[in-house]
Protein chains: 2
Amino acid sequence: MQPENKMDILKSYIEAKGLKSTTQRDFIADTFFRTNTHISLDELLKKVRRKTPNIGYATVYRTMKLLTECGLAISRQFGDGQTRYENLPEDGHHDHIICTECGKITEFANVEIEALQEQVVRRLGFHIQYHKLELYGLCRDCSAHAGRAPGMHALGGG
Amino acid sequence: MQPENKMDILKSYIEAKGLKSTTQRDFIADTFFRTNTHISLDELLKKVRRKTPNIGYATVYRTMKLLTECGLAISRQFGDGQTRYENLPEDGHHDHIICTECGKITEFANVEIEALQEQVVRRLGFHIQYHKLELYGLCRDCSAHAGRAPGMHALGGG
DNA sequence: GATCCAATTGAAAATGAATGTCTTTGTCAT
DNA sequence: ATGACAAAGACATTCATTTTCAATTGGATC
Ligand SMILES: [Mn+2]
Ligand SMILES: [Mn+2]
Ligand SMILES: [Zn+2]
Ligand SMILES: [Zn+2]
């Protein structure tokens with residue numbers, strides 16, 4: 001989906017909720033929509049402040065909360081204490097493999113796993129809402145250099 | 001495994017590391033070993049303070065860190081902002097389903113899912129270290145009462 | 001364009017989990 | 001009993017996120 005279309009969805013959501021459009025919010029949202037990484041709030045704030053230096057911390061937090069609420073952003077916690085956000089993926093749900101050495105995040109989707117999850121849930125009498133599957137390990141590069149070049153852990157990167 | 005045996009393992013670990021035995025640590029560990037829930041630090045502290053009212057926050061944190069380090073405890077983050085700990089399971093690894101309404105945690109193990117994960121990881125050139133699979137949804141009870149009796153969200157419970 | 005009012009902003013303070021600091025206390029080998 | 005050093009407990013600190021609140025802004029209406 002194009003950033004413009006996402007902006008339209010946001011506009012609709014804002015209108016439906018009786019909220020108001022603001023230049024700050026629009027700019028933060030647009031900046032995020034043009035991102036294709038799993039971006040942290042700090043990174044996003046930094047990016048936004050390049051053009052709008054006096055934008056507030058809280059505004060970015062509030063905007064990302066809003067985008068998450070209306071389904072345009074997904075929040076992820078990969079265990080480094082920082083919430084990351086990614087754009088709603090075109091091709092449906094996916095899960096992640098995270099390199100514990102360099103922080104590289106790789107996405108994958110596996111219908112068999114998803115199906116098995118459904119089965120498990122059904123057997124246990126639950127009604128599933130969402131799930132979280134994260135694999136942690138060493139990426140190819142970091143496996144090769146194993147031992148040397150320790151802990152950069154540059155998760156993401158704007 | 002019996003709490004006594006776990007205590008022996010802890011004692012060995014302490015000795016091997018050149019640490020010292022203390023009554024507080026032993027009591028916290030013992031209390032934890034006799035727990036069979038996914039207990040939060042607050043809950044554990046509360047439990048411990050019933051018999052030892054002046055025990056410190058930090059001591060419980062430090063003890064659980066130690067137990068995690070020597071493999072007797074597993075730390076879990078189920079997204080409510082509190083780290084929970086569970087005893088090392090007898091029967092190997094398992095994953096969790098968490099009820100988003102009442103907080104009930106149900107455990108499950110599925111060898112097929114685990115095998116598929118291995119496959120995915122190998123294909124992507126990663127060397128897996130650990131993983132996190134959490135399913136979130138409504139338990140049988142909460143599905144039944146759907147709509148009424150909102151949000152107690154008493155995850156765990158000491 | 002002026003007016004009104006609720007939504008929004010940004011700065012600063014507050015929160016809350018977890019960790020660090022520091023002084024006192026406890027453990028244990030000698 | 002003594003000394004060396006780990007550990008406890010009280011308290012401060014960190015860090016991400018949330019809340020507070022006075023000032024500003026959007027946008028609907030006149
Ligand atoms: Mn992703
Ligand atoms: Mn468990
Ligand atoms: Zn890597
Ligand atoms: Zn439930």
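Protein chains get the first letters and strands the later ones, always in sequence-line order, with residue 1 at the start of each.
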- prompt: Do the ring centers of A:H94 and A:F108 come within less than 6.0 Å of each other?
  reply: no
- prompt: Between B:Y61 and C:dT19, is there a side-chain N or O to OP1/OP2 distance below 4.0 Å?
  reply: no
- request: Check for a donor-acceptor pair, side chain of A:Y13 on one end and backbone N or O of A:D8 on the other, with a separation under 3.5 Å.
  value: no
message: Without decimals, in angstroms, what is the distance between B:K11 NZ and D:dA6 P?
response: 19 Å
- prompt: When you look at B:D42 and B:K46, which way does the salt bridge (Lys or Arg N to Asp or Glu O under 4.0 Å) test go after all the steps?
  reply: CA-CA 6 Å; B:D42 275 326; B:K46 212 172 289 174; over 6 Å; no
query: Which of these, B:R84, B:R50, B:R49, sits in a salt bridge (charged side-chain N to carboxylate O under 4.0 Å, His left out) with B:E43?
result: B:R84
statement: Of A:K65 and B:T52, the one whose closest nucleotide on DNA chain D sits nearer the 5' end is B:T52
field: Candidate pair B:R76 and B:E134, rule salt bridge (Lys or Arg N to Asp or Glu O under 4.0 Å), full reasoning
entry: CA-CA 10 Å; B:R76 306 275 188 194; B:E134 291 154 19; over 6 Å; no
task: Would you mind reading off the distance between B:D42 atom CG and C:dT15 atom C1', rounded to a whole angstrom?
output: 14 Å
message: Using whole Å, what does the distance between atom C1' of nucleotide D:dT14 and atom CD of A:Q82 come to?
response: 13 Å
query: The side chain of A:I55 lies closest to which of these nucleotides: C:dG10, C:dA17, D:dG9?
result: C:dG10
message: Rounded to whole Å, how long is the line connecting atom CD1 of A:I14 with atom C1' of D:dG26?
response: 11 Å
statement: On a heavy-atom basis, the closest approach of A:G56 and A:L45 is O-CD1, 4.1 Å
Strictly under 3.5 Å: I want the nitrogen or oxygen pairs between protein and nucleotides 28-30 of chain D, one per line.
none

query: Looking at CD1 of B:I97 and CD1 of B:I105, how far apart are the two atoms once the value is rounded to the nearest 0.5 Å?
result: 11.5 Å
query: Is a donor on one side and an acceptor on the other found under 3.5 Å between the side chain of B:T22 and the backbone of B:R25?
result: yes
Salt bridge (Lys or Arg N to Asp or Glu O under 4.0 Å) evaluation trace for A:K6 with A:D30: CA-CA 9 Å; A:K6 289 182 182 169; A:D30 186 70; over 6 Å; no
- request: Return the angle between end axes of the helix from C:dG1-D:dC30 to C:dT30-D:dA1, with five pairs used per end and rounding to 10°.
  value: 20°
Exercise: do B:H131 and B:Q117 side chains pair donor with acceptor under 3.5 Å: yes
- prompt: What's the CG-P distance between B:D26 and D:dA8, to the nearest Å?
  reply: 9 Å
Protein-to-nucleotide contact annotation, 5' to 3' order, nucleotides 21-30 of chain C [B base; S sugar-phosphate only; - none; under 4.0 Å, heavy atom]: B----BBS--
